[in-house]
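Just so we're clear, the structure is a prediction, and the values are computed from it rather than from any experiment.
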Amino acid sequence: MPTSPNSASREPVPGGSGASGAAPGGAVPGVPLPGGTGASGSGPGAGGVPGALVGVGWLAERLGAPGLVVLDASVGAHRGAGHRIAGARPFDLDGALSDHDAPAPHTLPGPAQFTEALRALGVHDTDTVVVYDGAGVYSSARAWWMLRAMGFDRAAVLDGGLPAWTAAGLPVEATGPVYEGPRGSFTARPRAGLLVGSDTVAAALADPAAAVLDARTRERFAGTAPEPRPGLRGGHMPGAVSLPFGELQRPGGLMRPAAELREAFAAVAGDRQRLYFSCGSGVTACVLALGADLAGYRELAVYDGSWSEWGMPSELPVATGPATGPAADPTGPAGPAGPAGPVTGG
């Protein structure tokens, strides 16, 4: 089982941390991360955030403070919602913050492009960053994981996102087209292993000490529902297990408490500690990474290309039918409302 978030090596989250109350963890398989609390280096002494997840109360108390940057990582229809948290800046996963020369959508851009995009948003290396999205916790987890992959630990996801913020009656403003403030001094410092390719995933599928978890719906995993992107095969990687990302969340897009998250991961991964995450295009795989981090797992990686790469016609093997073993339970929530109706694991 993973180390408990309340053990001596991990500090509890103070002040409105949302559902989990857990401090950060989540190192890359075989790659320890530097810094203060646990493996990730986030924590009050190392990054200005109490953990990987903060609640609306925590952010409301600090909104507008010098050195605090709020990034709106909404995708799809939520990007055009017309309002945002006051002062938020657009972290555009469909634009400058993806590599559009890559064959799979939402591929992490190179360090030079990432550095330029963050500087254009006015982000400094010394800033504290809170990312959110309009669906609850969906694409914001992708932004958080990208920041970590680029060596930045001073970031957290807003639990419940914009829906939780507006439900609390907290201030919003009309969404502007671009950020026009001063440039920042952010510098990307890439960490190998947080985002991995198909060769690494294939090796993990053959490793009895590792588990590959798929965040898509069980129907897409089984191949009984069509893929939303044309040209992809249906089904899953042989040996992967199904854990739809919505099963890590409560109604309203809030993450489940740490103890429940640990139970959810143990049910599909058993005692395996090295966890790899996949989905449709590398977005909701990061929700699983966030949940595993909150649950106390340390050795985590996201398959960047996810099913948009593996599912393309190729020699990569594909299986159909339901998962076997602990992941075969067909019950579970379908997930929160997303960019175009119910979110299904992008």
Exercise. Applying side chain to side chain contact (heavy atoms under 4.5 Å, CB included), run through D153 and R191 and close with a yes or a no.
Key: CA-CA 11 Å; D153 289 318; R191 291 181 175 129; 2.7 Å; yes

Sidechain-backbone polar pair: [X] side chain, [Y] backbone, donor-acceptor under 3.5 Å:
X: R189; Y: M150; result: no
X: Y132; Y: A135; result: no
X: S306; Y: C279; result: yes
X: D293; Y: A52; result: no
X: T217; Y: R220; result: yes
X: T115; Y: T187; result: no
X: R142; Y: C286; result: no

Quiz item: Between L243 and E247, does a side chain to side chain contact (heavy atoms under 4.5 Å, CB included) hold up when you go through it step by step?
Solution: CA-CA 7 Å; L243 182 58; E247 296 187 10; 3.9 Å; yes

Quiz prompt | Closest non-hydrogen atom pair, G291 against L261 | solution =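 Where G291 meets L261 most closely, the heavy atoms are O-CD1, 3.8 Å.
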
Quiz item: For the residue pair L63 and A86, what are the closest heavy atoms and their distance?
Solution: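 It is CD1-O, 3.8 Å.
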
Quiz prompt | Evaluation steps, side chain to side chain contact (heavy atoms under 4.5 Å, CB included), between M255 and L248 | solution = CA-CA 6 Å; M255 297 297 290; L248 303 186; 4.2 Å; yes

Quiz item: Under 6.0 Å between the ring centres of Y303 and Y276?
Solution: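 Y303 vs Y276: aromatic centres not under 6.0 Å.
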
Quiz item: Between the side chains of S185 and H124, is a donor N or O closer than 3.5 angstrom to an acceptor N or O?
Solution: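 Yes, H124 and S185 have a side-chain donor paired with an acceptor closer than 3.5 Å.
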
Practice problem: Check side-chain hydrogen bond (donor to acceptor under 3.5 Å, both in side chains) between S140 and all other residues, then give those that pass, not counting sequence neighbours. | Solution: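 In terms of side-chain hydrogen bond (donor to acceptor under 3.5 Å, both in side chains), with neighbours along the sequence ignored, S140 is linked to D133.
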
Listed pairs under 3.5 Å, donor-acceptor, residues 202-215 side chains, sequence neighbours left out:
unit_1: D207; atom_1: OD1; unit_2: A209; atom_2: N; d: 2.9
unit_1: D207; atom_1: OD1; unit_2: R274; atom_2: NH2; d: 3.4
unit_1: D207; atom_1: OD2; unit_2: R274; atom_2: NH2; d: 2.4
unit_1: D214; atom_1: OD1; unit_2: R216; atom_2: N; d: 2.9
unit_1: D214; atom_1: OD1; unit_2: R216; atom_2: NE; d: 3.1
unit_1: D214; atom_1: OD2; unit_2: R216; atom_2: NE; d: 3.2
unit_1: D214; atom_1: OD2; unit_2: R216; atom_2: NH2; d: 2.8

Practice problem: Mark yes or no: R62 above the aromatic ring of W58, with NZ or CZ under 6.0 Å from the six-membered ring centre and no more than 45 degrees from the axis. | Solution: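 So R62 does make the cation-pi contact.
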
